[in-house]
Amino acid sequence: MPLDTIASEGHGLKARTAFMIVQHENGEWEAIGDLSKPVTAEHPPSVLEMKFGASEVVSDIEASKLAAITAHQLMAMTAQMQQAAQNKSLADSLKL
């Protein structure tokens, strides 16, 4: 949807959900769900900044999801290796 198609007419904007994307002074981008948090921007965003900021936030979300999946797989693999070591230990003790 083009950016200029939604007009709030000064009555507030009704939306299903909302969040804002900000670029901190250190250059990091962040999506914030707390719209009551006061924000003072140095300048209005350009379309390029909006596009890049949104892209950065999506990339961060995808990286977080991948890290969580990798951690889960690593924990599962560690548990399997521990179980295999216990089974081997038990089998070795029975051979005595």
Side-chain angles (χ1 to χ4, degrees):
M1 176 179 293
L3 295 174
D4 60 351
T5 59
I6 301 175
S8 63
E9 300 177 12
H11 298 290
L13 182 63
K14 287 188 178 184
R16 296 174 96 186
T17 187
F19 61 94
M20 62 182 147
I21 297 175
V22 298
Q23 184 181 30
H24 295 282
E25 291 177 336
N26 66 2
E28 292 291 318
W29 292 91
E30 179 183 13
I32 299 173
D34 181 5
L35 298 179
S36 67
K37 186 177 273 190
V39 175
T40 303
E42 291 178 2
H43 63 274
S46 68
V47 172
L48 186 60
E49 286 174 314
M50 288 188 277
K51 182 179 178 182
F52 185 75
S55 176
E56 284 294 301
V57 168
V58 168
S59 293
D60 287 350
I61 291 168
E62 289 174 349
S64 294
K65 286 171 49 177
L66 182 58
I69 290 168
T70 302
H72 177 71
Q73 290 174 336
L74 184 58
M75 289 188 314
M77 188 183 317
T78 301
Q80 288 175 348
M81 291 173 65
Q82 288 173 340
Q83 184 64 45
Q86 287 175 351
N87 290 346
K88 183 179 181 321
S89 177
L90 180 60
D92 289 346
S93 68
L94 294 175
K95 290 179 184 177
L96 295 175

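Computed over heavy atoms, backbone and side chain alike; hydrogens, waters and symmetry mates excluded. Throughout, residue positions are numbered sequentially from 1 according to the sequence presented.
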Chemist: With heavy-atom distances below 4.5 Å as the criterion, would you say the side chains of Asp60 and Trp29 are in contact?
Modeler: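 With C-beta onward as the side chain, the pair stays apart.
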Chemist: Please round to the nearest 0.5 Å and tell me the distance separating atom CD1 of Ile21 and atom CD of Glu49.
Modeler: 12.0 Å
Chemist: Hey, is the main chain of Lys51 close enough, under 3.5 Å, to the side chain of Ser55 for a donor-acceptor pair?
Modeler: no
Chemist: At what distance, to the nearest 0.5 angstrom, does OG of Ser93 lie from NZ of Lys88?
Modeler: 10.5 Å
Chemist: How long is the span from the CG atom in Asp92 to the CG atom in Asn87, to the nearest 0.5 Å?
Modeler: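 Nearest 0.5 Å value for the CG-CG distance: 11.0 Å.
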Chemist: Distance check, rounded to the nearest 0.5 Å: Leu35 atom CG versus Phe19 atom CZ?
Modeler: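 One finds 9.5 Å between CG of Leu35 and CZ of Phe19.
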Chemist: Is the number of heavy atoms from other residues, nucleotides or ligands within 6.0 Å of NE2 (His72) greater than 12?
Modeler: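 No, the 6.0 Å shell around NE2 holds no more than 12 heavy atoms from other groups.
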Chemist: Can you tell me how far apart CE (Met20) and CD (Glu30) are? Round to the nearest 0.5 Å.
Modeler: 9.0 Å
Chemist: So, does Thr78 use its side chain to make a donor-acceptor pair with the main chain of Leu74 at under 3.5 Å?
Modeler: yes
Chemist: Would you sort out whether Leu66 and Glu62 count as a side-chain contact (heavy atoms from CB on, under 4.5 Å), showing the intermediate values?
Modeler: CA-CA 6 Å; Leu66 182 58; Glu62 289 174 349; over 6 Å; no
Chemist: Indicate if Val39 and Ile32 have the same hydrophobic cluster label, given that clusters are the connected sets of ILVMFWY residues with side-chain heavy-atom separations under 4.5 angstrom.
Modeler: yes
